[in-house]
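Heads up: the structure comes next, in structure tokens.
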Amino acid sequence: MPTAFNLVPCLLLAALMAFSATPEVESTSDCPDSCGGIAIQYPFGIGTGCFRKGFEIICDRGLGMPVLAGTTRPVPVNLLSIRTAEARVMLPVAWECFNSSDKVYDWSDGNVQFNHEEVYRISNTHNQLVVIGCNTLGYTRSQRSEGNDYPYAYYTGCMSFCNNSRSAVNGACAGVGCCHVDIPPGLTDNRMSFEEYTHKARLDFSPCDYAFLVDRDNYTFHTADLKMDVNATMPVWLDWAIRDNLTCEEVKKKVQSYACVSSNSECHDSSNGPGYVCNCSMGYQGNPYIADGCTDINECENHQEYPCRGVCRNTLGSYECKCPGGSRSADPFNQPCNPNFPLAAKIAIGAVGGLFIIAVVVFASLLGKEKRKMKEFFRKNGGPIIEEVNKIKLFRKEELEPILKRSNCIGQGGFGEVYKGYLRDETQPVAVKKPKIDIKLAGQFANEVIIQSRVLHKNIVKLIGCCLEVDVPILVYEYVSNGSLDKILHDNNRVPLDLELRLQIAAQSAKGLAYMHSEITMPILHGDVKPANILLDVNFVPKISDFGTSRMITVDENYTSTIIGNWGYMDPEYVQTGLYTSKSDVYSFGVVLLELITRKKALDPDINSILGNSHDAYTKKKRVIELVDPEIAATGNIGIFHSLAEIIVQCLDLDVDLRPEMTDVAERLQYLVK
Ligand SMILES: *[C@@H]1O[C@H](CO)[C@@H](O)[C@H](O)[C@H]1NC(C)=O
Ligand SMILES: *[C@@H]1O[C@H](CO)[C@@H](O)[C@H](O)[C@H]1NC(C)=O
Ligand SMILES: *[C@@H]1O[C@H](CO)[C@@H](O)[C@H](O)[C@H]1NC(C)=O
């Protein structure tokens with residue numbers, strides 16, 4: 001071995017001895033932080049007190065670069081990484097050379113004793129073992145074990161051979177002139193051994209064998225390497241760790257020697273050999289082996305490693321990334337922020353929203369207006385008065401609307417329309433009378449409602465209820481199935497009507513009118529008695545309807561000029577004087593009786609001849625009997641027709657005072673029925 005190399009460890013040893021009394025200082029600002037462009041960080045250090053035991057570095061002025069301390073030959077350092085706990089150094093190759101006697105005349109096992117404190121392990125992941133030669137076997141060994149034929153646990157190596165000078169080829173390290181092999185973890189040195197085989201006939205192109213560890217990415221075989229310089233060095237990765245023979249678990253209990261002194265640092269067990277390494281916690285960077293060595297990473301300054309497509313905000317140990325106001329992204333870290341709503345959409349939404357609000361307001365005001373209108377109608381239609389009359393039902397507008405459709409219409413005329421339908425949950429049909437919208441008539445309908453609400457008689461159409469929430473009240477009556485007497489009498493398909501039935505109809509109609517005239521507390525005049533207003537039910541029982549022109553007679557108010565009667569049935573006295581009395585109804589009923597027994601219309605000239613004042617009572621009676629419908633003329637005895645004629649003529653008397661009362665008429669007709 002060259003004596004020059006022996007000098008270095010001696011000097012180093014002396015240096016170590018000289019300073020051994022100095023207490024170990026973990027790190028000082030006086031320590032050089034680099035050498036030859038290579039950063040030197042604690043636990044590494046140059047100079048006493050600057051390094052942790054086993055991590056001393058020497059700045060070799062001659063080489064102009066850092067070297068590991070305590071080695072038998074300088075071991076240049078290319079890189080010292082705190083973050084990955086690695087060092088990249090140049091280690092010499094092992095070799096042996098043969099002379100012409102086929103004997104090894106010189107050799108080196110490559111060992112430089114770089115690992116006194118055993119803080120290093122040869123990286124098994126980054127390095128490989130390469131053997132070069134044309135008839136050799138090179139190997140390394142590791143992990144001493146006692147009591148065995150072999151003193152080590154592992155022997156790792158490979159064999160290389162070449163037949164002649166042309167056997168080996170560049171780039172191929174596969175057993176011909178060069179071989180390589182993976183190494184086990186835990187290797188602590190680079191000591192190599194060879195098995196010697198004859199080099200006869202090879203000395204000229206392969207006089208020496210070589211074996212070395214090398215960065216597996218950094219060595220490619222060249223045939224020229226068969227004659228490599230024996231002083232060559234190779235790049236090798238070393239894994240270093242705090243080799244206190246303690247795991248992280250254990251070291252935390254021995255706080256005084258714990259190397260991970262920085263806040264925000266973590267301990268990790270070494271992946272190659274015993275001990276542990278320190279790392280800065282997530283979000284921090286720097287040197288965990290010195291106090292406050294781990295500092296927060298400002299992720300916002302490194303978008304490559306810490307992406308953010310929005311607004312980046314650094315926090316201790318982390319960072320936030322949010323989209324600016326008015327924009328959004330499903331993942332602002334990786335996907336760009338887009339405006340929440342484009343301006344056009346905002347305007348559209350604003351407009352739609354505005355319109356919606358306007359619509360709501362308008363609708364509400366319309367609804368309010370409609371409500372006020374309904375209330376007003378209710379008041380105008382006499383609602384407050386009618387409400388007190390609790391015999392009739394007040395319907396909501398919606399309740400009647402389903403009935404008021406064209407297909408339900410069963411009658412139409414000057415008064416308005418009549419619909420047949422069913423109320424909800426009712427089995428009996430009703431007739432709904434919807435008057436024509438005529439403000440002047442509205443008051444009369446209220447009148448009719450009030451009148452009818454007081455009338456409960458089997459010969460008067462029953463008013464079930466009304467709806468006052470409309471312009472003109474809608475009236476709901478019991479449905480009378482056989483239609484009006486007018487229709488029965490004068491329809492084209494003349495239904496046979498015998499005398500008895502006609503008398504029944506006459507008598508009962510008279511009863512109804514009489515009831516209205518006299519039997520209720522406040523007498524009611526009909527005002528428009530005619531066959532069209534006498535309805536017949538399924539049994540031909542007459543029911544008087546249409547009290548639209550009726551007036552209640554009170555002591556003070558027995559005079560009116562607004563009754564709308566019907567020409568032909570109208571009391572001539574009333575036409576002359578404008579004074580409508582109960583006798584006016586009697587007159588009209590006389591016309592109805594005449595029509596009933598003659599089956600001729602009131603405007604028929606024959607009927608008219610009786611109504612006028614051109615004849616005396618006797619002639620009129622005779623004329624009535626002559627005009628009796630032939631259908632019934634033969635069925636009854638002449639006395640009945642005489643009596644009927646008598647009643648009729650009396651009812652039609654132009655002298656109001658000579659007309660009988662309605663009750664009288666009713667009684668006499670009832671007598672005739674019997
Ligand atoms: C070769 O080396 C061996 C061992 O050193 C030595 O004994 C021998 O004399 C050498 N032969 C020649 C020719 O130098
Ligand atoms: C080996 O590493 C050194 C220094 O890192 C570099 O200069 C060289 O190119 C590498 N060689 C190969 C073959 O990768
Ligand atoms: C390391 O630990 C092993 C097993 O725990 C023990 O046998 C050995 O003596 C320890 N070595 C040192 C240097 O503490």
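Excluded from the calculations below are hydrogen atoms, water molecules and symmetry mates; all remaining heavy atoms, backbone and side chain alike, are included. Note that ligands are numbered from 1 as they come in the structure, with each ligand's atoms numbered from 1 the same way.
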Asn127 side chain to Trp237 side chain, donor-acceptor N/O pair below 3.5 angstrom: no
Contact list for residues 298-313, test salt bridge (charged side-chain N to carboxylate O under 4.0 Å, His left out), sequence neighbours left out: Arg313-Glu320
Test salt bridge (Lys or Arg N to Asp or Glu O under 4.0 Å) applied to Arg83 - qualifying residues, sequence neighbours left out: none
All pairs passing disulfide bond (SG atoms under 2.5 Å apart) where residues 92-131 contributes a residue, at least two apart: Cys97-Cys208
Point-to-point distance, once rounded to the nearest 0.5 Å, from CG of Asn170 to CG of Asp225: 8.5 Å
For a distance cut-off of 3.5 Å, show me each N or O of ligand 1 paired with any protein N or O, plus the separation.
from, atom 1, to, atom 2, distance (Å)
ligand 1, 2 (O), Asn99, ND2, 2.2
ligand 1, 11 (N), Asn99, ND2, 2.8
ligand 1, 11 (N), Ser101, OG, 2.6
ligand 1, 14 (O), Asn99, ND2, 3.3

N-O pairing of Arg202 and Asp209 below 4.0 Å: no
